[in-house]
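One structure is given here, and the rest of the page talks about it.
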Amino acid sequence: MVDLGEQLHVTGKALKVRFRAETGFTILSADIQNQQARDVDATLVGMMPPIDAGDPFEAELIVQEHPEYGYQYKVVNLFLKDDTADMTEEGIAAYLEAKVSGVGPKLSKRIVDFFGQQTFEVIELEPEKLLQVPGVTRSTIMKVQASWDERHGERKLITGLQSMGLSISQAQRAIKQFGSMALEVLKNDIYALTEVEGLGFQTADRLALEKGMVPTDPRRLMAAAVYAMQQAMQQAGHTYLPKQRAVRGLKYYTGISDKLAETSLQEALDAGRIMQEGERIYLPNALKNEKALAEVISELLSEPPEAPWRVPTKAVKDLSEEQARVLDLLTDHRLVVLSGGPGTGKSYTTRKVVELAENLGLEVGLCAPTGKAARRLMEMTLHPASTIHRLLSYGPEGFRFGQLEPLPYDLIIVDEVSMCGDGLMLALLTAVAPGARILLVGDADQLPPVDYGMPLSTLTQVAPTVWLTQIYRQAQDSPIIRAAHQIKNGQVPDFAYREFRHIPVESDTGARRVALLVDSLGGPRKVQVLTPMKKGPLGVVALNQALQSMFNPGSEGTRVGEYLLRVGDIVVQTKNDYQNEVFNGTLGLVIREGSGKVQIDFEGNVVEMSGAEIYHLHLGYALTVHRSQGSEWDTVVSVLHDTHYNMLSRELAYTAVTRAKNTFVAVGTENAWSIASTRRREVRYSGLLDRIKKILG
Ligand SMILES: Nc1ncnc2c1ncn2[C@@H]1O[C@H](COP(=O)(O)OP(=O)(O)OP(=O)(O)O)[C@@H](O)[C@H]1O
């Protein structure tokens, strides 16, 4: 019919639905044609609306050659035609009998004799009129309506959403979000799409402008104002934006004038979609969380602990001066912070705290943000530990433990706490029982968390804090740990070791060079690649594609954004999925994929994903440094190049280096490392510190 890979537009009639998954993935036999040719027994594969044998349709297809099944047509989009258009009266009667339950051959003929070409209109709009037909009862009408709505309801919904420009999977996600009201909701305000999983402002905006939305339409500008704030929180971790930054963000996404941006921001404020406090602009939820977090921290800092806590000499005999201070501070304080770099004895000290608490007969709860960090905490302290979500017993309705039902522990210890954003920190601190203690352990010099806010950095400025600075002997022998402390002190690290070296690469050939380097170091299961950015020749996407084409080549797979996921690929979860207990940054292996589903083995936790969930899976051969927090690998290859200029910071370099246990290979330009080591922490807008100081006076 046409060459492989070419897209073609056809009309067709469904012959047989061979397979249909609940995701909407369908394998269909159909008779298709266009001006050039006809294929009376074509196989169509892909996401389709609910289609039955006999249904007429139009479709955009791409011709493919399947290794086993030969020629197939991949469905790019498929539009159901109205199958009740221009039918003869016999056709209508036959259709009623076949598709509408509760109507036999005699009754369908009587109905059509009565209403003729108006039959379908009567059924859909004025079913009461059917009572005029002899033999039709109320129950007949109920059955006819139910089966008509059931068959035509979703089809009309999907066809209507497709006519707005949505793809089939986007339409299905919109229906999942808004139910049968989806068409009304989106006709009223297409920007409601920003509430649909995996769809954002950009998609809604493209559809709206394509359909003739005036760029200065208030609905568009309102949605853009909210979106600018969401992006500031998700991309840069800000909790609020200074008003002028918010106006600039709104202008950036809409291209409107300064004046109109100011007015529109004010309208979004008047509508309560965003909030203002002084010169600060917040999303409502972020403001509420920040206020509540400041309250609960102030309470923990000003109330004395209840359970008795004494520190006998023997409890601190193996500890250094600074480590012993942690146990002392817990005597009179409910909230204590322990911060230190690698090899300074955080875990060693934590174990001593647990031992003392148990000797005092206290109930201890241990947790960490990710499964991997919780397992490590358990190994280091020989005490059960879980993720924070499991400790707080997270479920479909949210966290079970909280203010109303506090955690049943006298002492809670949280490790890797630099990974907690404002939201998780609030959930945790709210669940501390009255009078109970909490010890937060982490490395405040790490990059701030992926989620918004930076509570640990704030807490080290208001809560009793111990900074561990002494590095222990065997840790000192490690060039990696030494380099980490050099970077922390603003010095350029010394790349003069086999376990800690630098390889210069140019940005245009770098991705390929990195793939060859990973191969020489043992392959992707042993080596993790890190880079600061997503885009660009040395970004995560380019590196993942170079690594995948070397270690898991192929042209098939399940499409997720820029990636094609195949069996054997390493993938990373990019959004916390509390139901499946898979968190942002967790790596897994694809063990099955196809029919719109992907099965991943996340270090023993096998999870099947489909629909919108799949959009949170990216290839994981290379990760951004931000997403690598809380994890460690035997060997790390970290890209750092002048082209990453605006991302280079001391925390970035420090976090990258501290992800490697034995071997760290820096790739890029030495100059990038000297810039990174001397640049200070990224700015994050958070009002938490001011609020706490105001409450504590
Ligand atoms: N006071 C101490 N006396 C002797 N050895 C110590 C002391 N504190 C820590 N160590 C030793 O130093 C090494 C590093 O300690 P630990 O693993 O607790 O550091 P850490 O800060 O948790 O490192 P990481 O950030 O990598 O987890 C361990 O072998 C530990 O036994």
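Each ligand, and each atom within it, is numbered from 1 in the order the structure gives.
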Practice problem: Using a 4.0 Å heavy-atom threshold (strictly under), name the region of Lys352 that reaches ligand 1: side chain, backbone, both or neither. | Solution: neither
Practice problem: Examine the proximity of ligand 1 to Tyr472 and report which part, side chain or backbone, both or neither, has a heavy atom under 4.0 Å away. | Solution: side chain
Quiz item: Could Glu632 and Arg376 be called an ion pair, given the rule that one side-chain N must be under 4.0 Å from one carboxylate O?
Solution: yes
Quiz item: Would you call the rings of Phe664 and Phe500 parallel, tilted or perpendicular, where under 30° means parallel and over 60° means perpendicular?
Solution: parallel
Quiz prompt | Under-4.0 Å heavy-atom contact with ligand 1, by part of Leu468 that carries it | solution = neither
Quiz item: Who gets closest to atom 23 (O) of ligand 1 by heavy atom: Ser339, Gly343, Gly345?
Solution: Gly343
Quiz item: Is the charged tip of Lys352 near the ring of Tyr348: under 6.0 Å from the six-membered ring centre and within 45° of its axis?
Solution: yes
Quiz item: For ligand 1, which atoms sit closer than 4.0 Å to a heavy atom of Asp318?
Solution: 1 (N), 2 (C), 3 (N)
Exercise. Measure centre to centre between the rings of Trp673 and Tyr654, then say whether the value is under 6.0 Å.
Key: no
Exercise. May I ask whether Gly340 has any heavy atom positioned less than 4.0 angstrom from an atom of ligand 1?
Key: no
Self-check item: Main-chain N/O of Gln548 paired with Asn552 side-chain donor or acceptor, under 3.5 Å
Solution: no
Quiz item: Are there more than 12 heavy atoms of other residues, nucleotides or ligands under 6.0 Å from atom OH of Tyr645?
Solution: no
Quiz item: Which ligand 1 atoms, with their elements, are less than 4.0 angstrom from a heavy-atom of Ser320?
Solution: 1 (N)
Quiz prompt | Nearest-option assignment for atom 21 (O) of ligand 1, heavy atoms, candidates Glu322, Met380, Lys317, Lys346 | solution = Lys346
Quiz item: Among Lys661, Arg376, Glu632, which one has a heavy atom closest to atom 24 (P) of ligand 1?
Solution: Arg376
Practice problem: Mark up the atoms of ligand 1 that fall under 4.0 Å of a heavy atom belonging to Thr344, in ascending order. | Solution: 19 (O), 21 (O)
Practice problem: Answer yes or no: is there a donor N or O on one side and an acceptor on the other, between the side chain of Asp443 and the main chain of Asp445, under 3.5 Å? | Solution: yes
